[in-house]
Amino acid sequence: MELSSGFYGRSNPQMLSTSGSKTMGKLIEATHEPAGVEINMKPVLDIVEDIFERATPAAPGAIKQVDASEPDERALHYSSLEQMMDVLSATINRISCEITYRLSIGEDAHSTTLAVAQIVKGYSWDAKIVLALAAFAMTYGEFLLVVQLYATNPLAKDVALLKQLPEILTRADLLKPKFDTLANLINAMVVVAKCTVEFKGLPSKYIRPEDPELSSANADIPSAVYWTIRSTVICSSQIMGLINMGHEFLSSTTDAWELSSLTHNINSIYNDLMEKLNRCRQRINERKDIEAFETLVRLFDAIHIDNMKILKALIYAKDDQPPLWDGTTKQRVSIELLRRKSVLLLISDLEIPEKELIILEQIYNESRVQPTRIESQYEVIWIPIVDRSSTFDDTMRKQFESLQAMMPWYSVGHPSMIQPAVMRYIKEVWGFNKKPLLVVLDPQGRVVNPNAMPMMFIWGSMAFPFTKLREEALWKEETWRIELLADSIDPSIINWANMNWIRKFTTTAKAVAKTANIELEMLYVGKSNPRERVRRNMTNIELENLSHTLSDISLIWYFWVRLESMWHSRAQHGVTIRNDLIMQEILTMLGFDGSDQGWAVISRGADEMARAKAETFLKSLEEYTVWEAAAAEKGFIPALNDHFRSLRTEHHCNRLTLPGISVAEIGS
């Protein structure tokens, strides 16, 4: 029978419209009589996709080269496919024969599509599409196999001759555009098939048919089935047309329009389904995150024999790679190394201040000098919190790797190892909000301190095991003394002011010390947020040999953050400035830092201290002759304090704002 070009199923434009598409979907839906047999169609779809990829023609007679050294991943599934194909092959062959027969007698594509729908009526929606694609893949693969081999294989040449192919195979200029157009439609059908297979595989535990995201997609899938089956019919008609009509069929522009219209329609269906699939994925992920969060809450409430369950729940290990990066050896290591150890979780975003890292590194490195000491029996893991809504681009990767390179302790191998549920737990339960935390887990994985950062800054590793009981014990041993104020920094204090005041103060203080026959050492500690002015002051002080300065400007920041940490630590234990001398002195010192004036603290031994603002302190030193006799009788520091009090004619207050309190007023 002679076939006319484009005879097989010209699409009515109304059929391609939204309403027409839904109508076609309802026709398919009317044939749907599921038998209740569930079949995983993904392995079959993998083989179908493989056929389409390998069959893509380069040039007539050219054999597509395949690297035999590369393992065929799909071959691994062939053995499991054999049993499945025993069930499906008869249906696939029946579809292929049905399409060939109906097209050969001139039946239109719509009727042929509905005939195929009857054959697959007992299968699930995804199976209907994959089976129709598999039937066409056989036709397409067999035809392209002859096209690829006819010039080199005698058997293929004979088959090509019987099919009257040699004539059209010489017209590469016409053959390639035809197959390019076919390939576009085939690719569109394959992605729609993948989409429907994925819908079928969505976990019912996390998404239900009545959920709006899934119910909306389920309403559209019958239409996708109709148009995909119809497209396989049209593609089959194209192959038959090539065999029967030869170069006359190749030059048809009508068929090119038909294929392009179908491709556009299938792509539109795919885009719509993918949008709904992404919404389904989002809903599933949200429910998984809620479940993971609730599991994490229960996990932390439970009792464990070691810390492994907790650490593995916090750090998601993927790709079978060790999840931790050892900052000392610069290698990936197993989380098992931390079994039954005290672990400090350093939690921060990628904006953690470098000066903070420097201080923590000093404390950590000091603890490693004598690793057998009880104070050294802990490990640190950096847990980076990176917003999942932002793309982890090269800039963020370099920022992460730069911070990681500065850390001698452990860190996660990649920020993606911290799952959304874990980030939620860290924020909601542990209260993380930009400012770094140091959460302490004991060897059984229990949280013994939700933030040991203040303890670490005040006492360093001596605060081990960083529990609240240890914090209380350390405070019970403390009094307001110079060691508490400046431990880990230096033993004496003079603070920021302008250089003229610094020169005047240091000169006067040295003169008084000489007169009083006492040894005096002075140290400049600047402001809590050291800027260029503090740097210049340090340089001038060193050049003029006015006093000592700190070796690293980050130690200035550390001096003040230790004081703030002391306030937070004592406040957590219910201590207030009304009944606690240490709290009063801490807030007074912090008030000095918040003011625009200079100040000074002087101490003798461990317990004797005097402090005052610049004006009062300098005036007292200049009036030394007034209280010189008292100094000889009571001692230098007690006499100086008495003179400070005599100069205070009225009550003064400094206003201080700290995280956790609105405003504190400190009398002076």
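- Between Asp349 and Trp382, the shortest heavy-atom distance links the atoms O-CZ2, 4.2 Å.
- Geometric assessment of Arg332 against the ring of Trp325 yields a negative cation-pi assignment under the 6.0 Å and 45° thresholds.
- Distance check, rounded to the nearest 0.5 Å: CE of Met396 to CG of Leu350 gives 5.5 Å.
- Residue pairs that meet the salt bridge (charged side-chain N to carboxylate O under 4.0 Å, His left out) test with at least one member in residues 623-636, sequence neighbours left out, are Lys634-Asp642.
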Please list, one pair per line, the donor and acceptor atoms closer than 3.5 Å that link side chains of residues 423-432 to other protein atoms, with sequence neighbours excluded.
unit_1: Arg424; atom_1: NE; unit_2: Glu428; atom_2: OE1; d: 3.3
unit_1: Arg424; atom_1: NE; unit_2: Glu428; atom_2: OE2; d: 3.0

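- With Leu344 as reference, Met456 is the one residue of Met456, Met453, Glu379 to meet the side chain to side chain contact (heavy atoms under 4.5 Å, CB included) rule.
- With ring centers used as reference points, Tyr624 lies 6.0 Å or more from His643.
- Ring centers of Trp409 and Tyr378: at least 6.0 Å apart, outside the cut-off.
- Taking the ring centre of Tyr364 as origin, the terminal cationic atom of Arg368 falls inside the region bounded by 6.0 Å and 45° from the ring axis.
- The two residues His304 and Gln444 have their closest heavy-atom pair at O-CG, 3.4 Å.
- Side-chain contact check for Gln399 and Glu351: at least one donor-acceptor pair (N or O, by modelled atom type) lies under 3.5 Å.
- With Ser569 contributing its side chain and Pro454 its backbone, the two residues share no donor-acceptor pair below 3.5 Å.
- Side chains of Tyr206 and Glu286: a donor-acceptor N/O pair is absent below 3.5 angstrom, by distance only.
- Side-chain contact between Asn307 and Leu441 is absent, with no heavy atoms from C-beta onward closer than 4.5 Å.
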